[in-house]
Number of protein chains: 2
Amino acid sequence: MIINKRNHQERFETLLQKLRARGSRITSHRLAMLDLLAVSEGHPSAAQIFNTLRLQFPTISLATVYKTLAVLKEEGEVLEINLPLEARYDGNKPYSHPHLICTSCGNIIDGDELSGFSNASKEILGHYGFEVAQSQIVFYGKCKDCR
Amino acid sequence: MIINKRNHQERFETLLQKLRARGSRITSHRLAMLDLLAVSEGHPSAAQIFNTLRLQFPTISLATVYKTLAVLKEEGEVLEINLPLEARYDGNKPYSHPHLICTSCGNIIDGDELSGFSNASKEILGHYGFEVAQSQIVFYGKCKDCR
DNA sequence: CTACTTGCAAAGCCTTTGCAAACTA
DNA sequence: TAGTTTGCAAAGGCTTTGCAAGTAG
(Lines give C-alpha, C1' and ligand atoms only; values in the text may rest on other atoms or scores of the structure.)
Protein backbone atom coordinates (compact mmCIF):
# COMPACT_ATOMS: atom_id res chain seq x y z
CA MET A 1 0.00 0.00 0.00
CA ILE A 2 1.26 3.42 -0.99
CA ILE A 3 1.73 5.96 1.76
CA ASN A 4 0.48 9.52 1.67
CA LYS A 5 2.27 11.54 4.33
CA ARG A 6 0.80 14.88 3.42
CA ASN A 7 -2.81 14.67 4.58
CA HIS A 8 -2.30 11.63 6.71
CA GLN A 9 -2.45 13.26 10.13
CA GLU A 10 -5.33 15.47 9.10
CA ARG A 11 -7.36 12.58 7.77
CA PHE A 12 -6.61 10.52 10.84
CA GLU A 13 -7.94 13.30 13.06
CA THR A 14 -11.10 13.54 11.01
CA LEU A 15 -11.77 9.85 11.36
CA LEU A 16 -11.00 9.91 15.07
CA GLN A 17 -13.29 12.87 15.63
CA LYS A 18 -16.11 11.10 13.80
CA LEU A 19 -15.82 8.13 16.13
CA ARG A 20 -15.71 10.38 19.19
CA ALA A 21 -18.70 12.41 18.02
CA ARG A 22 -20.55 9.17 17.57
CA GLY A 23 -19.84 8.20 21.13
CA SER A 24 -17.77 5.22 20.06
CA ARG A 25 -15.03 3.87 22.26
CA ILE A 26 -11.49 4.57 21.12
CA THR A 27 -9.46 1.39 21.41
CA SER A 28 -5.89 0.71 20.44
CA HIS A 29 -7.12 -1.54 17.64
CA ARG A 30 -9.34 1.18 16.28
CA LEU A 31 -6.60 3.79 16.50
CA ALA A 32 -4.33 1.54 14.50
CA MET A 33 -7.03 0.84 11.98
CA LEU A 34 -7.88 4.53 11.54
CA ASP A 35 -4.20 5.19 11.07
CA LEU A 36 -3.97 2.49 8.44
CA LEU A 37 -7.03 3.77 6.59
CA ALA A 38 -5.78 7.34 6.71
CA VAL A 39 -2.40 6.30 5.35
CA SER A 40 -3.24 3.71 2.73
CA GLU A 41 -4.07 4.78 -0.77
CA GLY A 42 -4.19 1.24 -2.03
CA HIS A 43 -7.88 0.42 -1.50
CA PRO A 44 -7.18 -2.42 0.91
CA SER A 45 -9.47 -5.38 1.39
CA ALA A 46 -10.68 -6.43 4.81
CA ALA A 47 -8.19 -9.27 4.74
CA GLN A 48 -5.33 -6.91 3.89
CA ILE A 49 -6.26 -4.59 6.74
CA PHE A 50 -6.48 -7.57 9.04
CA ASN A 51 -3.11 -8.95 8.03
CA THR A 52 -1.42 -5.59 8.46
CA LEU A 53 -2.93 -4.96 11.88
CA ARG A 54 -2.09 -8.47 12.95
CA LEU A 55 1.59 -7.64 12.81
CA GLN A 56 1.08 -5.16 15.61
CA PHE A 57 -1.83 -6.89 17.36
CA PRO A 58 -1.41 -10.64 17.02
CA THR A 59 -4.78 -11.37 18.61
CA ILE A 60 -6.92 -9.05 16.52
CA SER A 61 -9.69 -10.77 14.58
CA LEU A 62 -11.13 -10.29 11.13
CA ALA A 63 -14.52 -9.79 12.76
CA THR A 64 -13.23 -6.70 14.52
CA VAL A 65 -12.02 -5.29 11.21
CA TYR A 66 -15.43 -5.83 9.65
CA LYS A 67 -17.20 -4.38 12.67
CA THR A 68 -15.12 -1.23 12.59
CA LEU A 69 -15.50 -0.95 8.82
CA ALA A 70 -19.27 -1.16 9.33
CA VAL A 71 -19.15 1.73 11.78
CA LEU A 72 -17.05 3.86 9.45
CA LYS A 73 -19.26 3.05 6.48
CA GLU A 74 -22.25 4.08 8.54
CA GLU A 75 -20.52 7.39 9.26
CA GLY A 76 -19.78 7.83 5.56
CA GLU A 77 -16.03 7.86 6.21
CA VAL A 78 -15.23 4.76 4.24
CA LEU A 79 -16.26 3.91 0.71
CA GLU A 80 -16.91 0.28 -0.13
CA ILE A 81 -16.06 -0.94 -3.62
CA ASN A 82 -17.68 -4.23 -4.55
CA LEU A 83 -15.55 -6.42 -6.74
CA PRO A 84 -16.20 -9.88 -8.16
CA LEU A 85 -14.09 -11.57 -5.50
CA GLU A 86 -13.90 -9.27 -2.52
CA ALA A 87 -14.83 -5.80 -1.36
CA ARG A 88 -12.21 -3.06 -1.15
CA TYR A 89 -12.29 -0.05 1.13
CA ASP A 90 -11.27 3.57 0.65
CA GLY A 91 -10.83 5.49 3.87
CA ASN A 92 -9.29 8.54 2.24
CA LYS A 93 -11.87 9.54 -0.32
CA PRO A 94 -15.14 8.25 1.10
CA TYR A 95 -17.15 9.87 -1.66
CA SER A 96 -18.07 8.14 -4.91
CA HIS A 97 -15.41 8.45 -7.58
CA PRO A 98 -14.22 6.36 -10.54
CA HIS A 99 -11.68 3.61 -10.05
CA LEU A 100 -9.33 2.06 -12.60
CA ILE A 101 -8.42 -1.53 -11.85
CA CYS A 102 -5.51 -3.08 -13.68
CA THR A 103 -6.29 -6.67 -14.56
CA SER A 104 -2.57 -7.44 -14.81
CA CYS A 105 -1.10 -6.13 -11.56
CA GLY A 106 -4.34 -5.78 -9.63
CA ASN A 107 -3.61 -2.19 -8.71
CA ILE A 108 -6.53 0.15 -8.10
CA ILE A 109 -6.04 3.70 -9.28
CA ASP A 110 -8.27 6.60 -8.33
CA GLY A 111 -9.84 8.16 -11.40
CA ASP A 112 -11.08 11.29 -9.72
CA GLU A 113 -9.45 13.65 -12.17
CA LEU A 114 -11.81 12.70 -14.93
CA SER A 115 -14.32 15.14 -16.28
CA GLY A 116 -17.48 13.79 -17.87
CA PHE A 117 -18.65 12.30 -14.62
CA SER A 118 -19.33 15.58 -12.90
CA ASN A 119 -22.43 16.18 -14.97
CA ALA A 120 -23.57 12.59 -14.80
CA SER A 121 -26.01 13.11 -11.93
CA LYS A 122 -27.69 16.01 -13.69
CA GLU A 123 -27.92 14.16 -16.96
CA ILE A 124 -29.37 11.10 -15.26
CA LEU A 125 -31.95 13.18 -13.48
CA GLY A 126 -32.94 14.89 -16.72
CA HIS A 127 -32.93 11.78 -18.87
CA TYR A 128 -34.39 9.19 -16.54
CA GLY A 129 -35.87 11.18 -13.68
CA PHE A 130 -33.52 9.19 -11.48
CA GLU A 131 -31.98 10.94 -8.50
CA VAL A 132 -28.44 9.73 -7.89
CA ALA A 133 -27.27 9.34 -4.31
CA GLN A 134 -24.17 7.25 -4.82
CA SER A 135 -22.26 5.59 -7.58
CA GLN A 136 -19.76 2.88 -8.22
CA ILE A 137 -17.76 3.43 -11.36
CA VAL A 138 -15.08 0.88 -12.11
CA PHE A 139 -12.99 0.54 -15.25
CA TYR A 140 -11.09 -2.67 -15.84
CA GLY A 141 -8.08 -2.75 -18.11
CA LYS A 142 -4.31 -2.37 -18.29
CA CYS A 143 -2.45 0.34 -16.45
CA LYS A 144 0.39 2.46 -17.81
CA ASP A 145 3.12 0.18 -16.50
CA CYS A 146 1.52 -3.09 -17.57
CA ARG A 147 0.86 -2.05 -21.15
CA MET B 1 -39.05 -9.18 -14.96
CA ILE B 2 -40.18 -7.00 -17.83
CA ILE B 3 -40.70 -8.64 -21.19
CA ASN B 4 -39.35 -7.36 -24.47
CA LYS B 5 -41.17 -9.04 -27.31
CA ARG B 6 -39.55 -7.11 -30.10
CA ASN B 7 -36.01 -8.44 -30.23
CA HIS B 8 -36.70 -11.46 -28.16
CA GLN B 9 -36.63 -14.09 -30.88
CA GLU B 10 -33.65 -12.50 -32.55
CA ARG B 11 -31.67 -12.36 -29.35
CA PHE B 12 -32.58 -15.92 -28.53
CA GLU B 13 -31.27 -17.08 -31.89
CA THR B 14 -28.02 -15.23 -31.35
CA LEU B 15 -27.48 -16.89 -28.00
CA LEU B 16 -28.39 -20.29 -29.38
CA GLN B 17 -26.05 -19.88 -32.31
CA LYS B 18 -23.21 -18.93 -29.98
CA LEU B 19 -23.69 -22.14 -28.03
CA ARG B 20 -23.85 -24.21 -31.22
CA ALA B 21 -20.76 -22.55 -32.67
CA ARG B 22 -18.99 -23.36 -29.46
CA GLY B 23 -19.84 -27.00 -29.82
CA SER B 24 -21.97 -26.97 -26.70
CA ARG B 25 -24.86 -29.38 -26.29
CA ILE B 26 -28.31 -27.87 -26.53
CA THR B 27 -30.44 -29.15 -23.68
CA SER B 28 -33.99 -28.31 -22.75
CA HIS B 29 -32.72 -26.56 -19.64
CA ARG B 30 -30.38 -24.43 -21.67
CA LEU B 31 -33.04 -23.58 -24.22
CA ALA B 32 -35.31 -22.40 -21.43
CA MET B 33 -32.52 -20.41 -19.87
CA LEU B 34 -31.54 -18.74 -23.13
CA ASP B 35 -35.17 -17.88 -23.64
CA LEU B 36 -35.37 -16.38 -20.20
CA LEU B 37 -32.20 -14.34 -20.71
CA ALA B 38 -33.35 -13.15 -24.10
CA VAL B 39 -36.70 -12.09 -22.71
CA SER B 40 -35.84 -10.58 -19.36
CA GLU B 41 -34.84 -6.96 -19.14
CA GLY B 42 -34.77 -7.00 -15.39
CA HIS B 43 -31.15 -8.00 -14.73
CA PRO B 44 -32.04 -11.20 -12.93
CA SER B 45 -29.86 -12.81 -10.30
CA ALA B 46 -28.79 -16.44 -10.49
CA ALA B 47 -31.38 -17.27 -7.85
CA GLN B 48 -34.13 -15.51 -9.79
CA ILE B 49 -33.24 -17.39 -12.95
CA PHE B 50 -33.18 -20.60 -10.97
CA ASN B 51 -36.56 -19.97 -9.36
CA THR B 52 -38.16 -19.11 -12.68
CA LEU B 53 -36.77 -22.17 -14.46
CA ARG B 54 -37.76 -24.37 -11.56
CA LEU B 55 -41.42 -23.75 -12.32
CA GLN B 56 -40.92 -25.53 -15.63
CA PHE B 57 -38.15 -27.91 -14.58
CA PRO B 58 -38.67 -28.89 -10.96
CA THR B 59 -35.39 -30.79 -10.79
CA ILE B 60 -33.09 -28.12 -12.20
CA SER B 61 -30.30 -27.06 -9.88
CA LEU B 62 -28.70 -23.74 -9.10
CA ALA B 63 -25.37 -25.24 -10.09
CA THR B 64 -26.66 -25.72 -13.63
CA VAL B 65 -27.68 -22.08 -13.79
CA TYR B 66 -24.22 -20.98 -12.69
CA LYS B 67 -22.53 -23.36 -15.09
CA THR B 68 -24.52 -22.08 -18.05
CA LEU B 69 -23.98 -18.49 -16.95
CA ALA B 70 -20.25 -19.21 -16.90
CA VAL B 71 -20.38 -20.48 -20.46
CA LEU B 72 -22.31 -17.44 -21.66
CA LYS B 73 -20.02 -15.05 -19.83
CA GLU B 74 -17.08 -16.77 -21.49
CA GLU B 75 -18.74 -16.19 -24.85
CA GLY B 76 -19.32 -12.56 -23.97
CA GLU B 77 -23.07 -12.96 -24.27
CA VAL B 78 -23.90 -12.18 -20.69
CA LEU B 79 -22.74 -9.22 -18.63
CA GLU B 80 -22.19 -9.75 -14.94
CA ILE B 81 -22.96 -6.89 -12.57
CA ASN B 82 -21.41 -7.27 -9.13
CA LEU B 83 -23.54 -5.89 -6.35
CA PRO B 84 -22.99 -5.82 -2.60
CA LEU B 85 -25.21 -8.85 -1.99
CA GLU B 86 -25.43 -10.80 -5.21
CA ALA B 87 -24.43 -10.66 -8.85
CA ARG B 88 -26.94 -9.75 -11.54
CA TYR B 89 -26.85 -10.81 -15.15
CA ASP B 90 -27.74 -9.05 -18.37
CA GLY B 91 -28.24 -11.35 -21.33
CA ASN B 92 -29.60 -8.68 -23.63
CA LYS B 93 -26.88 -6.07 -23.61
CA PRO B 94 -23.72 -8.01 -22.84
CA TYR B 95 -21.53 -4.95 -23.30
CA SER B 96 -20.55 -2.55 -20.52
CA HIS B 97 -23.09 0.17 -19.93
CA PRO B 98 -24.26 2.25 -16.95
CA HIS B 99 -26.93 0.94 -14.62
CA LEU B 100 -29.26 2.88 -12.35
CA ILE B 101 -30.36 0.97 -9.29
CA CYS B 102 -33.27 2.27 -7.28
CA THR B 103 -32.63 1.79 -3.58
CA SER B 104 -36.35 1.92 -2.88
CA CYS B 105 -37.88 -0.57 -5.30
CA GLY B 106 -34.70 -2.42 -6.23
CA ASN B 107 -35.29 -1.98 -9.92
CA ILE B 108 -32.30 -1.86 -12.23
CA ILE B 109 -32.59 0.52 -15.16
CA ASP B 110 -30.26 0.55 -18.14
CA GLY B 111 -28.52 3.89 -18.46
CA ASP B 112 -27.20 3.37 -21.94
CA GLU B 113 -28.63 6.58 -23.34
CA LEU B 114 -26.21 8.70 -21.40
CA SER B 115 -23.56 10.72 -23.12
CA GLY B 116 -20.42 11.57 -21.20
CA PHE B 117 -19.42 7.95 -20.93
CA SER B 118 -18.65 7.47 -24.59
CA ASN B 119 -15.46 9.48 -24.31
CA ALA B 120 -14.49 8.01 -20.98
CA SER B 121 -12.11 5.40 -22.41
CA LYS B 122 -10.24 8.00 -24.44
CA GLU B 123 -10.00 10.40 -21.56
CA ILE B 124 -8.76 7.66 -19.24
CA LEU B 125 -6.13 6.62 -21.73
CA GLY B 126 -4.97 10.18 -22.15
CA HIS B 127 -5.04 11.12 -18.49
CA TYR B 128 -3.78 7.97 -16.84
CA GLY B 129 -2.28 5.93 -19.67
CA PHE B 130 -4.81 3.28 -18.66
CA GLU B 131 -6.36 1.17 -21.40
CA VAL B 132 -9.97 0.34 -20.60
CA ALA B 133 -11.26 -3.10 -21.54
CA GLN B 134 -14.46 -3.23 -19.52
CA SER B 135 -16.35 -1.14 -17.05
CA GLN B 136 -18.95 -1.39 -14.37
CA ILE B 137 -20.83 1.83 -13.82
CA VAL B 138 -23.60 1.75 -11.25
CA PHE B 139 -25.59 4.65 -9.89
CA TYR B 140 -27.62 4.16 -6.73
CA GLY B 141 -30.56 6.41 -5.95
CA LYS B 142 -34.28 6.89 -6.35
CA CYS B 143 -36.09 6.20 -9.59
CA LYS B 144 -38.75 8.37 -11.16
CA ASP B 145 -41.64 6.46 -9.60
CA CYS B 146 -40.16 6.23 -6.12
CA ARG B 147 -39.34 9.92 -5.81
C1' DC C 1 -19.82 0.56 36.96
C1' DT C 2 -22.07 0.45 32.64
C1' DA C 3 -22.08 -0.15 28.12
C1' DC C 4 -19.40 -0.78 24.15
C1' DT C 5 -15.84 -3.64 21.95
C1' DT C 6 -13.30 -7.81 21.28
C1' DG C 7 -12.16 -12.57 19.89
C1' DC C 8 -13.66 -16.86 18.88
C1' DA C 9 -16.37 -19.88 16.60
C1' DA C 10 -20.25 -20.76 14.09
C1' DA C 11 -23.39 -19.56 10.79
C1' DG C 12 -24.92 -17.16 6.40
C1' DC C 13 -24.70 -16.25 1.57
C1' DC C 14 -23.46 -16.62 -2.90
C1' DT C 15 -20.69 -19.27 -5.92
C1' DT C 16 -17.80 -23.14 -7.35
C1' DT C 17 -16.44 -27.93 -7.69
C1' DG C 18 -16.37 -33.29 -7.73
C1' DC C 19 -18.52 -37.10 -9.33
C1' DA C 20 -21.66 -40.52 -10.96
C1' DA C 21 -25.84 -40.69 -13.76
C1' DA C 22 -28.28 -38.88 -17.75
C1' DC C 23 -28.37 -37.12 -22.10
C1' DT C 24 -27.06 -34.83 -26.79
C1' DA C 25 -25.21 -35.42 -31.17
C1' DT D 1 -20.97 -44.58 -28.41
C1' DA D 2 -18.24 -40.62 -26.75
C1' DG D 3 -18.10 -36.67 -24.48
C1' DT D 4 -20.89 -32.98 -22.49
C1' DT D 5 -24.29 -31.64 -19.08
C1' DT D 6 -26.90 -32.51 -15.02
C1' DG D 7 -28.13 -32.83 -10.09
C1' DC D 8 -26.68 -33.48 -5.70
C1' DA D 9 -23.96 -32.52 -2.06
C1' DA D 10 -20.04 -30.66 -0.28
C1' DA D 11 -16.70 -27.27 -0.17
C1' DG D 12 -14.97 -22.41 -0.78
C1' DG D 13 -14.50 -17.61 0.12
C1' DC D 14 -16.09 -13.45 2.03
C1' DT D 15 -18.97 -11.42 5.51
C1' DT D 16 -22.00 -11.39 9.52
C1' DT D 17 -23.57 -12.72 14.04
C1' DG D 18 -23.94 -14.63 19.03
C1' DC D 19 -21.96 -14.61 23.19
C1' DA D 20 -18.94 -14.40 27.06
C1' DA D 21 -14.85 -11.94 28.46
C1' DG D 22 -12.42 -7.69 28.33
C1' DT D 23 -12.06 -2.71 28.43
C1' DA D 24 -12.95 2.51 27.69
C1' DG D 25 -15.11 6.23 29.71
Side-chain angles (χ1 to χ4, degrees), chain A residues 15-34 36-37 43-75 78-89 106 108 136, chain B residues 15-37 43-75 78-89 106 136:
Chain A
L15 292 172
L16 186 54
Q17 198 141 7
K18 265 290 173 73
L19 281 193
R20 282 200 212 283
R22 194 183 197 273
S24 289
R25 301 274 162 85
I26 309 303
T27 67
S28 57
H29 291 178
R30 285 191 170 170
L31 283 174
M33 186 161 159
L34 294 191
L36 179 58
L37 286 172
H43 307 80
S45 66
Q48 286 172 332
I49 294 170
F50 170 63
N51 285 322
T52 303
L53 293 181
R54 191 153 57 158
L55 300 175
Q56 197 179 345
F57 305 93
T59 69
I60 197 174
S61 72
L62 197 48
T64 296
V65 172
Y66 277 112
K67 283 167 184 169
T68 301
L69 279 174
V71 169
L72 292 172
K73 278 194 287 178
E74 216 176 295
E75 289 300 313
V78 148
L79 178 73
E80 183 173 327
I81 308 166
N82 296 104
L83 303 185
L85 292 178
E86 63 181 359
R88 298 301 193 89
Y89 302 91
I108 302 183
Q136 173 167 314
Chain B
L15 292 172
L16 186 55
Q17 199 141 6
K18 265 290 173 72
L19 281 193
R20 281 200 212 284
R22 194 183 199 272
S24 290
R25 301 275 160 86
I26 309 301
T27 68
S28 56
H29 291 179
R30 284 191 169 169
L31 283 175
M33 186 160 159
L34 295 190
D35 194 63
L36 180 57
L37 286 172
H43 308 80
S45 66
Q48 286 173 332
I49 294 170
F50 170 62
N51 285 322
T52 303
L53 293 181
R54 191 153 55 158
L55 300 175
Q56 197 180 346
F57 305 93
T59 68
I60 197 175
S61 72
L62 196 48
T64 297
V65 172
Y66 278 112
K67 282 167 184 169
T68 301
L69 280 174
V71 170
L72 293 172
K73 277 194 287 178
E74 215 175 295
E75 290 299 314
V78 148
L79 178 72
E80 184 175 327
I81 308 166
N82 296 105
L83 302 185
L85 291 177
E86 61 181 0
R88 298 300 193 90
Y89 302 91
Q136 174 168 312

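So you know, we letter chains A, B, ... as the sequences are listed, proteins then strands, and number each from 1. No hydrogens, no waters, no symmetry mates; every other heavy atom, side chains included, goes into these values. Since the model is a prediction, treat every value here as computed from it, not as a measurement.
Using a 4.0 Å heavy-atom cutoff across all strands shown, B/A70 reaches no nucleic acid atom at all. When heavy atoms are screened at a 4.0 angstrom cut-off, A/A47 is found touching no nucleic acid atom at all.
Where the helix from C/dC1-D/dG25 to C/dA25-D/dT1 starts and where it ends, the local axes point in directions that differ by 40°; five pairs per end, rounded to 10°.
Separating the CG atom in B/L79 from the CG atom in B/L72 is a distance of 12.5 Å, to the nearest 0.5 Å. Rounding to the nearest 0.5 angstrom, the gap separating the NZ atom in A/K18 from the CD atom in A/E75 is 5.5 Å. We find the NE2-CD1 distance between B/H43 and B/I81 to be 4.5 Å, quoted to the nearest 0.5 Å. Between the CG atom of B/L31 and the CG atom of B/L19 there is a distance of 9.0 Å, given to the nearest 0.5 Å.
In terms of modelled atom types and a separation under 3.5 Å, the side chain of A/Q56 and the main chain of A/A32 share no donor-acceptor contact. Judged by distance alone, the side chain of B/Q136 and the main-chain N or O of B/N82 form a donor-acceptor pair under 3.5 Å. At distances below 3.5 Å, not a single donor-acceptor pair connects side-chain atoms of A/E74 with backbone N or O atoms of A/V71. Checked by atom type and distance alone, the side chain of A/R30 never pairs as donor or acceptor with a backbone atom of A/T68 at under 3.5 Å.
OP1 or OP2 of C/dG7 has at least one side-chain nitrogen or oxygen of A/H29 nearer than 4.0 Å. Side-chain nitrogen and oxygen atoms of B/R30 include at least one within less than 4.0 Å of the OP1 or OP2 phosphate oxygen of D/dT6. In this model, the phosphate group of C/dG7 is approached by a side-chain N or O of A/T59 to a distance below 4.0 Å at OP1 or OP2. An OP1 or OP2 oxygen of C/dG7 is reached within less than 4.0 angstrom by a side-chain nitrogen or oxygen of A/T64.
Protein atom CD of A/E86 is 13 Å distant from nucleotide atom P of D/dT16, rounded to whole Å. The CG atom of A/L83 sits 16 Å away from the C1' atom of C/dT15 (whole-angstrom rounding). Rounded to whole Å, the distance from CG on B/L69 to C1' on C/dT17 is 16 Å. As a whole-Å value, the separation of B/L31 CG from D/dT5 C1' is 13 Å. Note: CD (B/E74) to P (C/dT16) measures 12 Å, nearest angstrom. Between B/R22 atom CZ and D/dG3 atom P the separation is 17 Å, expressed in whole Å. A straight line from CG of A/L72 to C1' of C/dT5 spans 14 Å, rounded to a whole angstrom. Atoms OH (B/Y66) and C1' (D/dA11) sit 15 Å apart, rounded to a whole Å.
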Worksheet item: Taking protein heavy atoms under 4.0 Å as touching, what does nucleotides 18-25 of chain D look like 5' to 3' if B marks base contact, S marks sugar-phosphate-only contact and - marks none?
Response: B-----BS
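Shown here are the side-chain contact (heavy atoms from CB on, under 4.5 Å) partners of B/R54, two or more places apart in sequence or in another chain: B/F50, B/N51, B/I60.
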